[in-house]
Participant: 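For reference, the structure I am asking about is given below.
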Amino acid sequence: MSSNEWPLWEVFIRSKQGLNHKHVGSLRASDASMAIQNARDVYTRRSEGISIWVVPSSLIIASDPSEMDAFFEPSDDKVYRHPTFYNLPEGIEHM
Amino acid sequence: MDTLIQDKLEKEFQEKIDKDIKIEPNDWMPESYRKTLIRQISQHAHSEIVGMLPEGNRAPSLRRKAVLLAKVQDEAGHGLYLYSATETLGVSREDTIDDLHAGKVKYSSIFNYPTLTWADIGAIGWLVDGAAIMNQVPLCRTSYGPYARAMVKICKEESFHQRQGYEIISNLMKGTEEQKAMAQDAVNRFWWPSLMMFGPSDADSKHTEQSIRWRIKRHTNDELRQMFVDATVPQAELIGLTLPDPALAWNESRGHYDFGDIDWDEFWQVVGGNGPCNKERIEARIKAKKDGEWVREAALAYAKKHQTN
């Protein structure tokens with residue numbers, strides 16, 4: 001068995017001007033320019049994109065899903081961050 | 001791991017599944033769920049790659065050839081989306097491929113049948129890709145996120161494959177007696193193997209029950225097979241083809257077509273490695289990997305050299 005496996009890259013694609021790049025999957029390539037070429041061939045055969053980012057998978061740092069509840073909890077206990085928390089006087093319809 | 005903790009995690013896992021919350025790569029999952037997915041997704045990926053056969057050389061026109069090459073390119077892409085999904089489960093693509101070459105994992109039994117004529121390309125597109133779509137559409141809602149997302153992409157692309165096959169067969173059926181006979185012959189050979197693509201009957205399918213509970217699969221093999229027969233019979237009738245099953249008949253009370261018994265001996269023989277082309281197909285994969293070795297090596301050497309500069 002060979003040990004020449006190419007590194008893994010994560011692929012992000014902007015589908016059209018004005019939208020974010022979005023993760024679409026991964027692929028293997030020997031270097032960045034090959035990763036971009038392969039991403040074009042694999043993920044944009046039917047005009048799915050106008051811009052591609054590739055990032056070595058090993059460089060992605062992710063939050064820990066098992067700590068999800070505690071980690072994201074602070075955003076749940078501050079209801080006053082949402083506009084619906086506030087009472088508006090009668091007569092104000094749009095604000 | 002402590003069995004109490006294990007039980008608790010498994011219970012929470014099943015609750016998520018029951019609520020149709022997708023499982024994502026870093027989430028806790030039972031080892032057997034992970035293994036089942038690796039087996040199913042890699043088997044699916046291998047099927048896409050083994051199915052990339054160079055039939056383009058037989059295409060009767062430039063249009064047909066261009067279409068077929070686009071289809072083969074899609075299949076390479078589908079294989080890659082699926083290998084990419086497998087890699088999120090902690091196995092490398094190369095190990096997965098080596099397992100195929102070592103005969104440890106399977107691929108769709110259909111690719112172990114030879115393609116003899118141009119009409120076979122039509123029959124394969126229509127019946128084989130048709131059966132694959134029947135299998136794949138429900139997998140867009142499978143419980144594992146990366147697999148479901150790969151399937152969404154695949155299904156969008158796959159319907160062109162079925163249509164191109166049906167177009168080939170339909171055109172042959174509008175042709176000379178010889179062309180009609182060629183189409184009928186291809187359908188005669190590919191009908192039963194297409195039905196076998198859905199796998200063993202529910203009574204003999206050892207993985208189905210657990211896979212349905214985990215919502216990896218959404219329908220049983222027999223349910224999907226019935227859906228395929230119901231969808232395909234009218235398509236055959238419309239263009240004047242006879243499906244090679246004397247027992248095939250509309251059953252008013254069931255609201256489905258009845259069909260004859262599948263030759264399960266043949267199925268198990270082919271799955272077990274004794275189909276007409278098993279050896280040839282695997283040898284082609286091993287050769288492709290070996291012949292590409294120097295390219296992979298050279299590309300890596302080039303990348304390393306340019307990194308240090």
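Predicted, not measured: the structure shown is a model, and the values here were computed from it. Chain letters run A, B, ... following the sequence lines, proteins first and then strands; every chain starts at 1.
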Participant: With rounding to the nearest 0.5 Å, note down the distance linking CH2 in A/Trp6 to CD in B/Glu94.
Facilitator: 11.0 Å
Participant: So does B/Arg163 have more than 12 non-hydrogen atoms from other groups sitting under 6.0 Å from CZ?
Facilitator: no
Participant: Which atoms of B/Tyr83 come close to chain A, meaning under 4.5 Å heavy atom to heavy atom: side chain ones, backbone ones, both, or neither?
Facilitator: neither
Participant: Looking at B/Tyr81 and A/Tyr43, would you say the former's side chain and the latter's main chain have a donor-acceptor pair under 3.5 Å?
Facilitator: no
Participant: A quick test of your reading: do over 12 heavy atoms of other residues, nucleotides or ligands sit less than 6.0 Å from NZ of A/Lys78?
Facilitator: yes
Participant: By a 4.5 Å heavy-atom criterion (distance strictly below it), what part of A/Met34 contacts chain B: side chain, backbone, both, or neither?
Facilitator: side chain
Participant: Could B/Glu157 and A/Arg45 be called an ion pair, given the rule that one side-chain N must be under 4.0 Å from one carboxylate O?
Facilitator: yes
Participant: Between B/Thr88 and chain A, with a heavy-atom cut-off of 4.5 Å, which part of the residue counts as in contact: side chain, backbone, both or neither?
Facilitator: neither
Participant: B/Trp28 side chain to A/Ser66 main-chain N or O, any donor-acceptor pair under 3.5 Å?
Facilitator: no
Participant: What is the distance from atom CG of A/Asp41 to atom CD of B/Gln73, rounded to the nearest 0.5 Å?
Facilitator: 6.0 Å
Participant: Check the surroundings of atom CD in A/Glu67: do more than 12 heavy atoms from other residues, nucleotides or ligands lie under 6.0 Å from it?
Facilitator: no
Participant: Heavy-atom pairs under 4.5 Å with chain A: which of B/Glu87, B/Arg149, B/Glu297, B/Lys156 has the most?
Facilitator: B/Glu87
Participant: Could you tell me whether A/Glu5 and B/Arg296 have a side-chain N and a carboxylate O separated by less than 4.0 Å?
Facilitator: no
Participant: Do you know which two heavy atoms are closest between A/Ser26 and B/Leu80, and how far apart they sit?
Facilitator: O-CD2, 3.6 Å
Participant: Tell me, yes or no, whether the heavy-atom count around B/Leu62 atom CG, taken from other residues, nucleotides or ligands under 6.0 Å, exceeds 12.
Facilitator: no
Participant: Any idea which heavy atoms bring B/Asn26 and A/Ala62 closest together, and the distance?
Facilitator: ND2-CB, 4.1 Å
Participant: Please round to the nearest 0.5 Å and tell me the distance separating atom OG of B/Ser84 and atom CZ of A/Arg28.
Facilitator: 10.0 Å
Participant: Got a sec: does the CG of B/Asp291 have more than 12 other heavy atoms crowding it under 6.0 Å?
Facilitator: yes
Participant: Is it true that B/Lys305 and A/Asp31 have a side-chain N and a carboxylate O under 4.0 angstrom from each other?
Facilitator: no
